[in-house]
Amino acid sequence: MGYNTESTATCYHQLAMSNQKPRVRFAPSPTGQLHVGNARTALYNWLFAHHHGGDFLLRIEDTDVERSEIRYEDQLMEDLRWLGLNWTEGPEVGGPHGPYRQSERLDIYSQHTERLLDDGKAYRCFCTTAELDAERAQAIREHKPQIYSGKCRAIDAETSQRRAAAGEPSAIRLRIPDAPLRFHDMVRGEVEFASDTISDPILVRSSGVPVYNYVVTVDDALMKITHVIRGDDHISNTPKQVAIYQAFGWSVPQFAHLSTILGSDRERLSKRHGATSISSFREMGILPEALTNYLALLGWGAEDGKTETFTLDELTREFKLERVTSSPAIFDFDKLHWLNRHYLKLATPERILDLAWPYFAAKNLLPPRSNASDALLQWFGNLVALVLPSVDTLQQLPEKTSFVFARDTTTAQADPENAALLNTDSARRVLQAFALRVRAAATVTPEQFKLWMNEIKAETGIKGKDLFHPVRIALTGAHSGPEFDKLIPLIEEGSRLPLPTPIFSILQRVNRFQSSFDSSSVAEV
RNA sequence: GGCGGCAUGGUGUAAUUGGUUAACACGCUGCCCUCUCAAGGCAGAGAGUUCGGGUUCGAUCCCCGAUGCCGCUACCA
């Protein structure tokens, strides 16, 4: 018996040849936020399942009761749904192989443990922590693999039974067979571990709680998982798991170990590198399709070697596990932003408006969405459309629209670049001529504005940058921004809208700016 | 220390699986557009494939070794 390379390969072959639908799972621990690494694992599982018309299921690995929290479980599911990664079997939807929460499967595990014990595939280990520590210390000293000596392997069944019955604490270990442990990895090929480098793994702690490596294996087998797609931090665990499959006489699934996602310093990506949780990306206004597209690209490339933008549907068609790279990838925020800009441009105006609104409401720039008039909706839509191409994330929108919301453009004079532009005779002449016209007309249209600027140009001989920049600074507080044709109506219309933070009209802006500007420039001269 | 994995411009991926000048995208630089910024369009710089051997007529690709990084080495997951 035993599953050598050939039988594993045969297994794979049969699966590939048969029409058996693959079944894959995403099995997170609810001990924290879903982060990009896990999300990418979930995505690859989902894509693989959907590409082959198979099943994608969700299982919660909450055997670590200390760290597991229900709120993280809820958050996890919310994040997955937001990404568009739905599942057909899981803790809340149920399914034929439930329950899907490991904490609810404890009976199943103990039944299986009995079986292993009865078959002599596993044994009780009475070694104390102190003994094990000593063994380990010695192994290090002798430059040998740190593996359990197997001291308790030799205890006969009867004695073992008796000592356990007498209340002596014991863990349960698997007997690792004396043969190399091999498995086929769809992204790395054949992987082999010598059996004498693998310790007899603990299956059940002396507390009676089974350990991760054991329960995943039992669950994956019972849930009929055909392909285990997970992070490569599990690669060294896999031989132990293979041994568990063998001990039960179960067929070993296909494995695919995905490389780690690194930060720009080549360290494992973490909070230190900035936002890494899915919810933080959502909060900053990254579109889910941008994130899934980006994550797909982190370790995979399309067959044509060129196309980079894919919707989830397109990814489903194109995605092949065989094309996944085995080397770690560095997370690049710039590229994520590029993709987000791409999808922001593709999104419908209605959707953008819905998504953008809360960022402004939170800053008290807009009323609650439910109170919005059609005129306000229209105006805001125009405003957002104007600056959308220049933002990486929705979160940047309020700042990018400060040209209309800014309450005090006079502070712009403090900026050295602005001051240089303003502290000239020509700037003063332009501003005075402009103010004169605004005060006479009270309101401004783009057509009027154009006319006035032409008049000022003719009468002062000032043109280009020297003509426009002072006006721009006076109006918006910045020497750069959108074209006046768009800017003028946005400000004027905005000033007539009832807003929690009213917008100043052109006239108000000119008056406020002129008064402070005149006094400050007098002082300078 | 032991075991395993990984290595192509700054970054992510390609390279018909051993065949010419190593491709695409992000980013960067410049130009065009323009009052300005952004967007958009165009152009350009940037790697000889971690290093050293070997196999071969020929290695990014196969083999060996070194180095570096990552993971596992728990009665964590």
Side-chain angles (χ1 to χ4, degrees), chain A residues 27-31 61-64 66-68 102 125 127-129 132-133 136 139-147 169-173 185 187-188 191-194 196-199 201-213 215-216 231-240 257 259-260 262 264 266-268 294 297-309 323 325-339 341 345 386-391 400 403 421 453 457 463-473 476 478-484:
Chain A
S29 297
T31 55
E61 315 231 309
D62 56 353
T63 48
D64 184 349
E66 300 287 298
R67 290 193 294 156
S68 296
Q102 289 183 331
C125 173
C127 294
T128 62
T129 320
L132 296 174
D133 286 348
R136 208 167 295 130
I140 291 176
R141 244 177 286 126
E142 293 173 4
H143 296 199
K144 291 212 281 235
Q146 284 179 53
I147 64 167
S170 64
I172 294 170
R173 286 188 189 265
D185 191 299
V187 341
R188 288 154 212 271
V191 183
E192 178 180 317
F193 289 79
D196 59 7
T197 62
I198 297 166
S199 209
I202 302 254
L203 264 24
V204 183
R205 301 171 175 92
S206 50
S207 65
V209 181
V211 306
Y212 165 83
N213 273 311
V215 299
V216 252
D232 69 356
D233 45 335
H234 290 295
I235 202 157
S236 303
N237 289 327
T238 308
K240 294 175 193 168
H257 287 101
S259 61
T260 324
L262 271 23
S264 50
R266 296 189 175 273
E267 301 254 350
R268 211 188 172 86
Y294 179 66
L297 259 24
L298 229 42
W300 171 87
E303 212 126 26
D304 67 4
K306 291 191 176 164
T307 316
E308 302 231 73
T309 55
R323 289 189 62 84
T325 21
S326 47
S327 55
I330 293 172
F331 195 90
D332 180 6
F333 289 89
D334 282 337
K335 188 133 185 184
L336 205 214
H337 287 157
W338 171 71
L339 275 166
R341 289 199 298 270
K345 285 171 202 161
L386 179 62
V387 297
L388 196 67
S390 65
V391 300
K400 287 281 181 182
F403 57 81
L421 281 159
M453 295 312 273
K457 181 160 92 179
K463 58 183 177 169
K465 211 171 160 178
D466 293 335
L467 176 66
F468 285 94
H469 276 202
V471 176
R472 183 177 282 286
I473 295 169
T476 69
H479 61 270
S480 66
E483 46 197 294
F484 283 107

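Owing to the predicted nature of the structure, the values given are computational and were not obtained by experimental measurement. Within every chain, numbering begins at 1; the chains are lettered A, B, ... in the order of the sequence lines, protein sequences first and strands thereafter.
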Once you apply the 3.5 Å cut-off to both distances, tell me the Watson-Crick or G-U wobble partner of [N], or none.
N      : result
G71(B) : C3(B)
C24(B) : G12(B)
A38(B) : none
U17(B) : none
A43(B) : U29(B)
C62(B) : G54(B)
A77(B) : none

Please pick, from [options], the nucleotide with the shortest atom-to-atom distance to any side-chain atom of [X].
X         : options                : answer
Asp64(A)  : A77(B), A25(B), C75(B) : A77(B)
Arg205(A) : A7(B), C70(B), C76(B)  : C76(B)
Asn213(A) : A77(B), C6(B), G5(B)   : A77(B)
Arg67(A)  : C26(B), C3(B), A77(B)  : A77(B)
Ile202(A) : U36(B), G10(B), C75(B) : C75(B)
Leu132(A) : G2(B), G5(B), C75(B)   : C75(B)
Arg341(A) : G27(B), A77(B), G12(B) : G27(B)

Measuring from [X]:[atom1] to [Y]:[atom2], what's the distance to the nearest 0.5 Å?
X         : Y         : atom1 : atom2 : result
Tyr212(A) : Lys240(A) : OH    : NZ    : 11.5 Å
Glu267(A) : Ile330(A) : CD    : CD1   : 11.0 Å
Ser29(A)  : Gln102(A) : OG    : CD    : 7.5 Å

For a quick check of understanding: with a heavy-atom distance under 4.0 Å over all strands, which category does [X] fall into, base, sugar-phosphate or nothing?
X         : result
Arg472(A) : base
Gly231(A) : nothing
His257(A) : nothing
Glu483(A) : base
Leu467(A) : nothing
Thr307(A) : nothing
Glu308(A) : base
His469(A) : base
Ser206(A) : base
Thr325(A) : sugar-phosphate
Ser480(A) : base

Per the atom types in the model, does the base of [N] pair as donor or acceptor with the side chain of [X] at under 3.5 Å?
X         : N      : result
Thr260(A) : G71(B) : no
Asp233(A) : A77(B) : no
Lys335(A) : A25(B) : yes

Within-4.5 Å side-chain heavy-atom neighbours: [X] and [Y]:
X         : Y         : answer
Thr476(A) : Phe484(A) : no
Met453(A) : Lys457(A) : no
Thr63(A)  : Val211(A) : no
Val187(A) : His257(A) : no

Short side-chain N/O contact to [N] OP1/OP2 from [X], under 4.0 Å:
X         : N      : answer
Arg266(A) : G71(B) : no
Arg323(A) : G12(B) : no
Ser29(A)  : C76(B) : no
Gln102(A) : A77(B) : no
Lys345(A) : G40(B) : yes
Arg136(A) : A74(B) : yes

Separation of [N] [atom2] from [X] [atom1] (nearest whole Å):
X         : N      : atom1 : atom2 : value
Phe484(A) : C37(B) : CZ    : C1'   : 12 Å
Ile235(A) : U73(B) : CD1   : P     : 14 Å
Phe193(A) : G2(B)  : CZ    : P     : 16 Å

Measure up the Tyr294(A) and Phe331(A) rings against each other and bin them: parallel (under 30°), tilted (30 to 60°), perpendicular (over 60°). perpendicular
For Asp466(A) and Ala194(A), find the nucleotide of RNA chain B closest to each by heavy atoms; which residue's nucleotide sits nearer the 5' end? Ala194(A)
For RNA chain B, whose closest nucleotide is more 5', that of Ala329(A) or that of Asp334(A)? Ala329(A)
In U21(B), glycosidic geometry as syn within 90° of 0 or anti otherwise: anti
Anti or syn, where syn is a glycosidic angle within 90° of 0; which label fits G48(B)? syn
For a quick check under 3.5 Å, do Asp232(A) and Thr260(A) share a side-chain donor-acceptor pair by atom type? yes
